[in-house]
Every structure is written in C-alpha cells, then in structure tokens.
Q: 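Take a look at this one; I'll ask things after.
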Amino acid sequence: MIKDSVFAALELANERRAERRRFLKLAGAGAAAAGGLGLLSACGSDDEDSPTPTPSPTPTPSTSGVATDVGILQLALNLEYLEAQFYSIAAFGRRLPDASLTGAVGTRGDVTGGRQVTFTDPVIASYAREIAGDEIAHVTALRAVLTAAGSTLVIAQPAINIDGGATGAFTAAAQAAGIISSSDTFDPYANDENFLLAAFLFEDLGVTAYKGASPLITSATYLEAAAGILAAEAYHAGLIRTELYRLGSMQSGAVTAITKANALSDARDSLDGQPATNATNRRDLDQGLTRTDNGVTVANLVPADDNGIAFSRSSEQVHNIAYLNKAAVTSGGFFPAGTNNSIAALRTSGNYSSPLA
C-alpha cells in the first residue's frame, strides 16, 4: 500500500514538471513582451501549445507607494528562495546552485543551518521531495520572468536563517508559540513531525501572500504566473495541514501535532497587525487545524472565511511574519538581513498607504 502511494506521488510529480515547462514557456514569452516594467516610484525601485495572453498596459506608478508587478514578483521570489532552500536541504541534503542565487537587486546572502531529514515515513519523504522540486522550479520561473522584464530587476537571494539551533528562526517561532520552553530548541530536521510543523510555518504564509498580491497585478501574463504558483502553494499547504492532522489524530495526550500546529498558527496570526481590541473583532487570518462547530471540535484543513475563500495578507503582514516581529522592522527571523525587493524599502520610509503594504 505504501509502495503504491509512493509511485502515485512520483507520477504526480512528473505531471507537474510537464505543467511547469508549459508555464515557463508562457511566462517567458509574456514577460519579454511586457518588458521594462517600472519599480516603485517612491523608492526607485515541449508539451501543449497554448495561446499567450497579451499583457495589459502597465499604468504609470504613483508616488503613493503602490507596488508594480515587478515589485510583487520580487517579494514573491524572496519567499521562494526561503522555501526552496528549506525543502531542498531537508529532502535532498543540498542547497540551490549558486547560479540560481545571483541578482542585481540586493546583497547576496548565505543560508544558515539546515540538513537532510531522516524520514521514517516513506510517504512523507516522497511528499517532501515533490514539494522541494516545485519550490526549486518556482525560483527558476520567477527569475526567468524578472530576467525577461530586465536583467537588472532580478533579486539576489538574501541571507536566510533556517537553523534548528538556539539562534535559529525556527526555535524563535516555536518558543513564541509556546510549544517549547525558552531554554529548548526546535530542530525541524529531527523527525517527520518537526519537518511538517516547519513546513506549516511557511506554506500558509505563501498562500496568503500570493492571494493578497494577485488583485494588484496589472499584467494578465504576470497574473497567470502568480495564480499558477498560488495554486501549487495551496496544494502544498493543504497536504501539509492534512498530514499534520492525520499524525495528530493518531497521537494521545494533550500535546499532539495538531495542538502544536494550532499554537504555531496563533503565534503567526499575532504578527498580522490586525486590530485586536477584543477576541470577537479580530480577523483570524491564520486558522489552526481544528475549529469548533456547535460545540464539537472538527477538522479545519482549509483556512478560509465564511464564504470558503482563502485569506489575503499584505506585504507588511508577510514581512512581519517572515521577520517574526509585529513591529515595522526591516530584518529578523528567517531573513536576518532583510528581504531584497523594492516593496521592503517602504518599511524604512514608513509608507504603508497602499493596499499591498
């Protein structure tokens, strides 16, 4: 039965690789046609043939800090660098090649921490390998789109902290969530459960970040790229949430994979910066794996509003969670030297007037 599941997962991975090749063909052609998108004026900053959408005209950026398509894709690439490095190291024991990390925007940084996970469940191991392949491909795809728009628009990988030690970002997040004490460490590479919890930290953030940015993209081609990656990230998030729920359901005691994930969700949600004058008017953008329905605790595998629609996060909220700080700081957490993109510059100026910010 396990062998059949692994084969099914590998077959799905092959299908997704074919879809990614189609996406690269589409995004590359569209980006070349759209070329020369402006940055934020406030900071200067083989398969099937498919018709290529005509990119919509790019409006002249205002001075109010409204992000352009390039700024949004740059922010997305920061998150993809983070996810790709984490999954690649955890699944394969290797980092991304240097050629995939260079760029004209920002300072190139190194990766702190990370090692290959010795998985005990071969199905989870196969999931990790598939997701790693997707995230690596996302880096390649976004770099291709930005390169086509202008080689000077590609961001370098920023410094990334994915260490499982005392000074690691994962430990800081786990301590803030209360799933470990202030003297303990959280090693995401120690076992299957820790890996899933670490992945849970990233996946919902990626989905809500793409969801928040998608209405602001003016190019139809770029929107197709973002929507395609959003869909892939949503599959990843749903898979991770399901595996954590399954694992927690088989565990006994007060502290399980479910309760840990719920605690991480609450801690992550506390960084959103939403009004919280009382428990009833706070927008819960980060729901855990369970919810209460008529007094009964039930599964909550899809974090969505009352209409079944996934939540959105602004760039400010995305940075707050990535930096593990609800204040408007410019670095910290998983990005110890900050992110490399034009939108992040607004955190220095304090300009958060746009919907994205």
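Only this structure's heavy atoms are used, side chains among them; waters, hydrogens and symmetry mates stay out. One-based numbering along the sequence shown.
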Q: Give me each pair satisfying salt bridge (charged side-chain N to carboxylate O under 4.0 Å, His left out) with a member in residues 70-93, each pair once, sequence neighbours excluded.
A: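 For residues 70-93: none.
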Q: So, Asp187 and Arg115, do they make that salt bridge, N to O below 4.0 Å?
A: yes
Q: Shortest non-hydrogen contact from Tyr210 to Ala76?
A: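 Nearest heavy atoms, Tyr210 then Ala76: OH-CB, 3.5 Å.
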Q: Sequence neighbours left out, cut at 3.5 Å: what donor-acceptor pairs do the side chains of residues 252-260 make with other protein atoms?
A:
unit_1	atom_1	unit_2	atom_2	d
Thr256	OG1	Ile258	N	3.2
Thr256	OG1	Thr259	N	3.4
Thr259	OG1	Thr256	N	2.7
Thr259	OG1	Thr256	O	2.9
Lys260	NZ	Glu193	OE2	2.8

Q: Minimum heavy-atom separation for Tyr245 to Thr290, with atom names?
A: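 Looking at all heavy atoms of both residues, the shortest contact is CE1-CG2, 3.9 Å.
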Q: Start with the C-alpha gap between Arg268 and Asp266, add the side-chain angles, then the distance that decides, and say whether salt bridge (charged side-chain N to carboxylate O under 4.0 Å, His left out) holds.
A: CA-CA 5 Å; Arg268 191 169 48 186; Asp266 289 342; over 6 Å; no
Q: If you round to the nearest 0.5 Å, how far is CG of Leu247 from CG of Leu197?
A: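 Leu197 atom CG to Leu247 atom CG measures 8.5 Å (nearest 0.5 Å).
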Q: Could you note down all residue pairs passing salt bridge (charged side-chain N to carboxylate O under 4.0 Å, His left out) where residues 239-259 supplies at least one of them, sequence neighbours left out?
A: Asp121-Arg246, Asp204-Arg241, Glu243-Arg246
Q: For Ala267, give me all partners under side chain to side chain contact (heavy atoms under 4.5 Å, CB included), at least two apart in sequence or on another chain.
A: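 Result, side chain to side chain contact (heavy atoms under 4.5 Å, CB included) vs Ala267: Ala177.
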Q: Under 3.5 Å, is there a donor-acceptor pair between the Ser100 and Tyr81 side chains?
A: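 On atom types as modelled, these side chains do not qualify, holding no pair under 3.5 Å.
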Q: Please confirm whether the backbone N or O of Tyr222 pairs with a side-chain atom of Ser219, one donor and one acceptor, at under 3.5 Å?
A: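 Side chain of Ser219 to backbone of Tyr222, a donor-acceptor pair under 3.5 Å: yes, one is there.
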Q: Checking side-chain contact (heavy atoms from CB on, under 4.5 Å) for the pair Val105/Val154: CA distance, chi angles, key distance, verdict?
A: CA-CA 6 Å; Val105 178; Val154 181; over 6 Å; no
Q: If you compare all heavy atoms of Phe334 against all heavy atoms of Leu201, which two are closest, and at what distance to 0.1 Å?
A: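 That closest heavy-atom pairing would be CZ-CD1, 4.2 Å.
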Q: Taking all non-hydrogen atoms of both residues into account, name the closest pair between Pro336 and Asn161 and its distance.
A: CD-N, 3.9 Å
Q: Does Leu79 belong to the same Ile/Leu/Val/Met/Phe/Trp/Tyr cluster as Val329, with side-chain heavy atoms less than 4.5 Å apart forming each link?
A: yes
Q: Minimum heavy-atom separation for Ala337 and Ala159, please, with both atom names.
A: CB-CB, 4.2 Å
Q: Can you name the ring-ring contact (aromatic ring centres under 6.0 Å, His included) partners of Phe86, sequence neighbours left out?
A: Phe170, Tyr189, Phe195, Phe202
Q: Please tell me whether His319 and Glu316 have a donor and an acceptor in their side chains that are separated by less than 3.5 angstrom.
A: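 No pair is found: no donor N or O on one side chain lies under 3.5 Å from an acceptor on the other.
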Q: Quick one: CG on Leu264 to CG on Asp269, what's the gap to the nearest 0.5 Å?
A: 12.5 Å
Q: Between His236 and Glu135, does any side-chain donor sit less than 3.5 Å from a side-chain acceptor?
A: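 Indeed, the side chains of His236 and Glu135 share at least one donor-acceptor pair under 3.5 Å.
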Q: Quick one: CG on Leu244 to CD on Glu203, what's the gap to the nearest 0.5 Å?
A: 11.0 Å
Q: Step by step, would you call Leu271 with Asn325 a side-chain contact (heavy atoms from CB on, under 4.5 Å)?
A: CA-CA 6 Å; Leu271 301 173; Asn325 195 323; 5.6 Å; no
Q: State the CD1-CG distance between Ile179 and Asn262, to the nearest 0.5 angstrom.
A: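 With rounding to 0.5 Å, CD1 (Ile179) is 11.0 Å from CG (Asn262).
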Q: Show your reasoning for whether side-chain hydrogen bond (donor to acceptor under 3.5 Å, both in side chains) applies to Thr120 and Asp192.
A: CA-CA 7 Å; Thr120 58; Asp192 294 15; 3.1 Å; yes
Q: Under the salt bridge (charged side-chain N to carboxylate O under 4.0 Å, His left out) rule, what pairs show up with a residue in residues 89-105, not counting sequence neighbours?
A: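 Residue pairs passing salt bridge (charged side-chain N to carboxylate O under 4.0 Å, His left out), neighbours aside: Asp98-Arg108.
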Q: Within this structure, what is the CD1-CG distance for the pair Ile155 and Asn78, rounded to the nearest 0.5 Å?
A: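 It is 3.5 Å, given to the nearest 0.5 Å.
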Q: When rounded to the nearest 0.5 angstrom, what distance separates CD1 in Ile229 from OG in Ser214?
A: 12.0 Å
Q: Please give me the minimum heavy-atom distance between Gly106 and Ala156, naming the atom from each residue.
A: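 Looking at all heavy atoms of both residues, the closest pair is O-CB, 4.0 Å.
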Q: Is a side-chain N or O of Glu233 found less than 3.5 angstrom from the main chain of Gly206, in a donor-acceptor match?
A: no
Q: Please check this pair: side chain of Thr112 against backbone of Asp163, looking for a donor-acceptor N/O pair closer than 3.5 Å.
A: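 Judged by distance alone, no pair lies under 3.5 Å.
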